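Treat the numbers as computed from the prediction; the structure is a model and nothing was measured. Below, read A as the first sequence line, B as the second, and so on, with proteins coming before strands; counting in each chain starts at 1. Heavy atoms only: backbone and side chains are in, while hydrogens, waters and symmetry mates are out.
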2 protein chains.
Amino acid sequence: MTRGVSCMTQSGNSNGQLRGTASRRERERAQRRDDILRAAREVFFQRGFHAVTVDDIAVAAEVGKGTVYLYFNTKETILAHLLLEGLDRLVADLKIAYAFDEAWDAHTRLHRGAIAYLKFFQNNPEYYRLIMAFDRGQFQAAIDPAVYQEVLTRSLDGIEWLERAVKQAQVEGLITIENPREAAGVLWAGLNGVLVLLSHPLRAEIVATDLDSLYGTMTEVLISGLGK
Amino acid sequence: MTRGVSCMTQSGNSNGQLRGTASRRERERAQRRDDILRAAREVFFQRGFHAVTVDDIAVAAEVGKGTVYLYFNTKETILAHLLLEGLDRLVADLKIAYAFDEAWDAHTRLHRGAIAYLKFFQNNPEYYRLIMAFDRGQFQAAIDPAVYQEVLTRSLDGIEWLERAVKQAQVEGLITIENPREAAGVLWAGLNGVLVLLSHPLRAEIVATDLDSLYGTMTEVLISGLGK
DNA sequence: GTCACTCTATGACTCTTAGTCAGTATACGC
DNA sequence: GCGTATACTGACTAAGAGTCATAGAGTGAC
């Protein structure tokens with residue numbers, strides 16, 4: 001990942017050409033990387049993380065297996081990069097839903113955010129599956145720490161939008177709990193809890209209520225409950 | 001698992017002795033099975049599902065690897081049986097907490113149930129880790145369908161206690177939502193959502209609130225919110 | 001043009017581990 | 001004691017993650 005720039009160290013003449021070549025190389029590397037990531041996305045989304053082998057990815061990307069490892073340290077790291085894509089999409093959706101340049105009241109804003117979160121998971125079930133698969137600690141050991149840090153950063157980016165909405169709700173008196181981060185945590189935990197529960201077939205069977213209905217009820221219950 | 005009882009078909013004389021031997025065999029088999037399960041519990045709890053090999057379990061149980069497979073079809077099935085143990089404990093705890101022979105009001109009963117759920121996960125973090133690890137679909141394919149069914153049954157057993165408490169709360173006017181299963185689902189999803197969120201180190205970092213505090217707030221918010 | 005050098009790509013190889021099975025041992029009924 | 005059933009075993013197979021020695025293409029200097 002830390003690309004060598006050794007050619008830059010060659011003595012200074014015809015520097016322009018040198019830079020041109022180097023940057024083309026860089027572009028080509030990025031392209032290859034994207035090819036592998038695209039191939040991985042395809043097969044992971046189709047058959048799930050565990051059913052896919054690194055050879056499958058290599059074949060789909062039309063490269064050798066060794067090449068895959070030239071760009072990604074482990075299978076888990078590839079997954080982590082797809083997760084980052086998913087998080088980017090999610091945060092973008094939340095940004096739009098919360099849209100602080102619009103003059104909505106807090107209730108509307110919280111509702112829009114909640115619905116955006118639900119829609120994201122309904123429209124991107126594959127990303128959701130990846131995020132859930134990623135969730136368990138097993139990966140922590142196998143992925144690049146830098147990537148792990150990235151996941152953290154994106155996630156924080158997401159909850160900050162939620163927190164802003166909560167603060168607005170406090171100002172408007174809709175939410176009476178003091179600590180905004182805690183209120184945001186309750187909202188996130190509650191809504192996410194519904195998704196977690198109903199995304200597992202076994203648990204969905206136990207709860208025996210459809211996602212939209214339970215999620216809607218949860219949204220109301222949380223907003224109403226946070227208002228004491 | 002479906003033990004052959006062929007010796008029983010032998011002609012009837014000295015039937016008492018025959019049964020005695022057969023039942024001793026049965027007991028010995030059960031004992032061996034328990035040994036393996038105990039060994040698996042030990043190593044899984046210590047090092048986690050993925051870090052443990054079936055050979056590790058065999059060594060810990062002081063049997064050959066083949067013997068392990070004589071009693072359990074797959075590594076995942078062993079895990080599933082430990083999960084069943086955990087669920088049994090949990091349901092027992094909930095039973096005590098909800099204790100319908102005591103004359104508690106609905107609010108007290110719901111609170112006690114919520115706290116019992118929290119305490120279970122705090123006192124049995126290993127069982128919790130297993131339950132969460134089990135959660136993802138990967139296992140579904142690898143475990144015995146009968147065991148999977150058992151997990152479902154136990155879980156249903158657990159939520160039924162919650163549902164009874166919800167119904168009482170409806171009678172007492174504490175909860176105004178019509179569908180008791182939906183209200184129970186909201187409670188479960190919400191409380192479990194907090195556990196899920198805070199049991200993942202990355203997410204715990206994001207939420208930046210301690211478990212007891214967030215869980216307590218969630219309990220209040222849910223009960224209050226379900227009362228409209 | 002061509003030589004030296006660097007960067008990229010590769011797939012055969014290693015290593016680990018889940019799951020199998022042919023062979024062995026023990027216990028039992030007769 | 002003998003034949004059979006049952007329990008046990010660990011060497012073996014299969015599969016897949018990750019490595020590395022080798023090949024080859026591209027580049028700049030002359």
Side-chain angles (χ1 to χ4, degrees), chain A residues 3-33 35-36 40 43 49-59 61-79 138-139 141-143, chain B residues 3-33 35-36 40 49-59 61-79 138-139 141-144:
Chain A
R3 209 112 57 267
V5 282
S6 50
C7 14
M8 291 312 219
T9 62
Q10 287 185 345
S11 59
N13 76 337
S14 77
N15 202 354
Q17 251 214 346
L18 211 64
R19 205 166 50 225
T21 301
S23 87
R24 177 175 56 72
R25 278 241 168 110
E26 194 107 346
R27 275 201 313 280
E28 279 169 0
R29 268 190 70 89
Q31 181 59 50
R32 199 28 81 82
R33 210 187 104 101
D35 287 345
I36 293 169
V43 291
F49 180 73
H50 282 85
V52 167
T53 70
V54 176
D55 266 309
D56 291 338
I57 298 170
V59 168
E62 296 179 300
V63 297
K65 183 172 166 173
T67 307
V68 172
Y69 281 95
L70 228 52
Y71 290 86
F72 300 96
N73 294 330
T74 65
K75 191 183 167 194
E76 280 78 8
T77 296
I78 304 178
L79 186 77
Q138 351 157 352
F139 289 111
I143 70 163
Chain B
R3 209 108 60 266
V5 282
S6 50
C7 16
M8 292 311 217
T9 63
Q10 286 184 346
S11 58
N13 79 334
S14 75
N15 201 355
Q17 254 215 346
L18 209 70
R19 208 168 47 227
T21 302
S23 87
R24 178 175 54 72
R25 278 238 168 113
E26 195 108 343
R27 276 201 313 280
E28 279 169 1
R29 268 191 71 90
Q31 182 57 52
R32 202 26 82 79
R33 209 187 105 101
D35 287 346
I36 294 169
F49 181 73
H50 282 85
V52 167
T53 71
V54 176
D55 267 310
D56 292 338
I57 297 171
V59 168
E62 297 179 299
V63 298
K65 182 173 166 172
T67 306
V68 173
Y69 280 95
L70 228 52
Y71 290 87
F72 300 97
N73 294 330
T74 64
K75 190 183 167 194
E76 280 78 7
T77 296
I78 304 177
L79 187 78
Q138 351 156 355
F139 289 110
I143 70 162
D144 202 316

**Asked** So, for A:I36 and A:A61, which heavy atoms are closest and what is the spacing to 0.1 Å?
**Response** CA-CB, 4.0 Å
**Message:** If you compare all heavy atoms of A:R33 against all heavy atoms of A:F72, which two are closest, and at what distance to 0.1 Å?
**Reply:** NH1-CE2, 3.6 Å
**Request:** With the side chain counted from C-beta on, respond yes when A:V54 and A:Y69 share a heavy-atom pair under 4.5 Å apart, and no when they do not.
**Result:** yes
**Asked** Is there a side-chain contact between A:D35 and A:V63 (heavy atoms, below 4.5 Å)?
**Response** no
**Asked** Got a sec, which pairs hit salt bridge (charged side-chain N to carboxylate O under 4.0 Å, His left out) with one end in residues 61-73 of chain B, sequence neighbours left out?
**Response** B:D55-B:K65
For [X] and [N], give me the distance from atom [atom1] to atom [atom2], rounded to whole Å.
X	N	atom1	atom2	value
B:E28	C:dA27	CD	P	9 Å
A:I36	C:dA9	CD1	P	8 Å
B:L79	C:dA18	CG	P	13 Å
A:L70	D:dA23	CG	C1'	14 Å

**Message:** Holding to side chain to side chain donor-acceptor pair (under 3.5 Å), I want the full list of residues that pass it with A:T74, two or more places apart in sequence or in another chain.
**Reply:**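 If we apply the side chain to side chain donor-acceptor pair (under 3.5 Å) test to A:T74, skipping adjacent residues, the hits are A:T77.
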**Message:** Looking at C:dT8, I'd like to know if its phosphate oxygens (OP1 or OP2) sit under 4.0 Å from a side-chain N or O belonging to A:R25.
**Reply:** no
**Prompt:** Can you check whether A:R32 has a side-chain N or O nearer than 4.0 Å to OP1 or OP2 of C:dA9?
**Reply:** yes
**Item:** Nucleotide of C:dT8, D:dC8, C:dA27 approaching B:Y71 most closely (side-chain heavy atoms)
**Value:** D:dC8
**Prompt:** Could you write nucleotides 10-22 of chain D as a row of B, S and -, 5' to 3', where a protein heavy atom under 4.0 Å of any base atom gives B, of only sugar-phosphate atoms gives S, and otherwise -?
**Reply:** B-----SBBB---
